[in-house]
Number of protein chains: 2
Amino acid sequence: MNNGRFPISLHILTLMASSAGELLSSDYIAGSININPVLVRKEISNLRNFGLIESKEGKNGGATLAKSADKIRLSEVYHAVQQASLLGNSKNKPNPDCPIGKQINLHLDHLYEDIEGALLHRLEKMSLADFLRQFQ
Amino acid sequence: MNNGRFPISLHILTLMASSAGELLSSDYIAGSININPVLVRKEISNLRNFGLIESKEGKNGGATLAKSADKIRLSEVYHAVQQASLLGNSKNKPNPDCPIGKQINLHLDHLYEDIEGALLHRLEKMSLADFLRQFQ
DNA sequence: CATTCTGTAATTGACTTTATTACAGTACAA
DNA sequence: TTGTACTGTAATAAAGTCAATTACAGAATG
């Protein structure tokens, strides 16, 4: 994964899991993560599109989990923030006249798929509730 | 992994494995990958530090594998290019006054280590020779 | 000793990510 | 019904990252 969005999204969800039911404001969340509130709202918007978060506009509004923390797998969080490939995106444009260059992206892609499968298998095993449980 | 260095290093090593014994110039390699020769030399320099490549300066110089392709595990390549953490580096500076923020980097790091372990396990199983064997 | 390489530093440029500004719209509460 | 406190989102600016490029010293060869 290429971005810092995974930790941000997981932080957001962890905060919500730790205060289940309450609506948290983007300003409060941004204060905990120490980033800009607009970025928090963007991530919340994304997580909402993936059915992990519900939010409420207006005064006393905010966001909360859309389902209980033990129903949220970390693999869902991964999918929600995942855009590019795990290990360096195959955006390289190798020389098609070279016998190695011509084929390497195909084989790299296979390798990445294999590895990403292993990664997802791990993330699948841990729920947000499991993750929160580590905090004391 | 955050960078495009893994595919570049693997490409370099694959070229060398496919023409075992020969010294390849950074210009030739750069032509196959379609990147700048200086970047190739930087990667070669790094791979040499990890004992995967030997190089020779001067006219008719170049680089070649330091050991046979079936002795090189892809996990070694990963280690050679790995600097930052796999999933978004914990460069966030969460608020230490927040009970979640205070602890989250620790738990994120544990999670990353766990996942990286799974990834390395996969890469450990494949040698450079295995990777090259896929090419026909 | 000219040539062809590596090795490496320094700079520039392209791109990506995050912060910031701005503002419309929504819900609540006095 | 109006002020306030929020979300949602777009647009822009600032910061950071990564690769390309330039430059050049040094090594090996013929």
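Order of the sequence lines sets the chain letters (A, B, ...), proteins ahead of strands, with each chain counted from 1. Quantities reported herein were computed from a predicted structural model and do not represent experimental measurements.
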Is any side-chain nitrogen or oxygen of A/Arg48 closer than 4.0 Å to OP1 or OP2 of D/dT7?
no
Output a table of nitrogen or oxygen pairs between the protein and nucleotides 2-4 of chain C separated by less than 3.5 Å.
{"from": "C/dT4", "atom 1": "O2", "to": "B/Lys59", "atom 2": "N", "distance (Å)": "3.1"}

Whole angstrom is fine here: how far is it from CG in B/Asn92 over to P in D/dA15?
19 Å
According to side chain to side chain donor-acceptor pair (under 3.5 Å), who are the partners of A/Gln103, at least two apart in sequence or on a separate chain?
A/His107
Report the distance from atom CD1 of A/Ile29 to atom P of C/dA19, rounded to the nearest whole Å.
15 Å
Among B/Glu43, B/His11, B/Met16, find the residue that satisfies the side chain to side chain contact (heavy atoms under 4.5 Å, CB included) test when tested with B/Ile29.
B/Met16
Value in whole Å for how far the C1' atom of C/dT6 lies from CD of B/Glu57
5 Å
Would B/Asn36 and B/Lys42 count as a side chain to side chain contact (heavy atoms under 4.5 Å, CB included) if you check the C-alpha gap in whole Å, the side-chain angles of each, and the deciding distance to 0.1 Å?
CA-CA 10 Å; B/Asn36 193 285; B/Lys42 267 185 202 156; over 6 Å; no
Is a side-chain donor or acceptor of B/Asn95 paired with a backbone partner of B/Asp97 at a separation under 3.5 angstrom?
yes
In this structure, how many angstroms lie between the C1' atom of D/dA5 and the OH atom of A/Tyr28, rounded?
18 Å
Atom CG of A/Asp27 and atom C1' of D/dC6: how far apart are they, to the nearest Å?
9 Å
For residues 126-136 of chain A, please give each side-chain donor-acceptor pair under 3.5 Å, one per line with the distance, not counting sequence neighbours.
{"from": "A/Ser127", "atom 1": "OG", "to": "A/Ala129", "atom 2": "N", "distance (Å)": "3.3"}
{"from": "A/Ser127", "atom 1": "OG", "to": "A/Asp130", "atom 2": "N", "distance (Å)": "3.0"}
{"from": "A/Ser127", "atom 1": "OG", "to": "A/Asp130", "atom 2": "OD2", "distance (Å)": "3.1"}
{"from": "A/Asp130", "atom 1": "OD1", "to": "A/Arg133", "atom 2": "NH1", "distance (Å)": "2.8"}
{"from": "A/Asp130", "atom 1": "OD2", "to": "A/Ser127", "atom 2": "N", "distance (Å)": "3.0"}

So the salt bridge (charged side-chain N to carboxylate O under 4.0 Å, His left out) pairs with at least one residue in residues 51-66 of chain B (sequence neighbours excluded) are none
For A/Lys71, all residues meeting side-chain contact (heavy atoms from CB on, under 4.5 Å), sequence neighbours excluded:
A/Lys67, A/Ser68
Tell me whether the OP1 or OP2 atom of C/dG7 has a side-chain N or O from B/Ser45 closer than 4.0 Å.
no
List every contact pair, protein side and nucleotides 20-22 of chain C side both N or O, where the distance is under 3.5 Å.
{"from": "C/dT20", "atom 1": "OP2", "to": "A/Asn36", "atom 2": "ND2", "distance (Å)": "3.3"}

Separation of D/dG16 atom C1' from A/Ile35 atom CD1, nearest Å, is 16 Å
Give a yes or no on whether A/Leu23 and A/Leu13 share a hydrophobic cluster (residues Ile, Leu, Val, Met, Phe, Trp, Tyr; joining criterion: side-chain heavy atoms under 4.5 Å apart).
no
Angle of first-five versus last-five pair axes in the helix from C/dC1-D/dG30 to C/dA30-D/dT1, to 10 degrees
10°
For the pair made of CG in B/Leu23 and P in D/dA27, what is the distance, rounded to whole Å?
18 Å
Donor-acceptor pair, B/Asn105 side chain versus B/Asn92 backbone, under 3.5 Å?
yes
Those residues of residues 8-15 of chain B lying under 4.0 Å from DNA chain C by at least one heavy atom
none
Between A/Ser25 and D/dA5, does any side-chain N or O lie under 4.0 Å from OP1 or OP2?
no
The criterion is side-chain contact (heavy atoms from CB on, under 4.5 Å); which residues satisfy it with B/Ser75, sequence neighbours excluded?
B/Arg73, B/Leu120, B/Leu123, B/Glu124
Just say parallel, tilted or perpendicular for the rings of A/Tyr78 and A/Phe6, cut-offs at 30° and 60°.
perpendicular
Any side-chain N or O of B/Ser55 less than 4.0 Å from the OP1 or OP2 oxygen of C/dT6?
no
Qualifying residues under side-chain contact (heavy atoms from CB on, under 4.5 Å), relative to A/Ser26, sequence neighbours excluded
A/Pro37, A/Val40, A/Arg41
note: A/Leu47, atom CG; D/dT7, atom P; distance rounded to Å ~ 14 Å
Those residues at least two apart in sequence (or on a different chain) that pass side chain to side chain donor-acceptor pair (under 3.5 Å) with B/Ser25 are none
Residues pairing under side-chain hydrogen bond (donor to acceptor under 3.5 Å, both in side chains) where one sits in residues 14-24 of chain A, two or more places apart or in two chains, turn out to be none
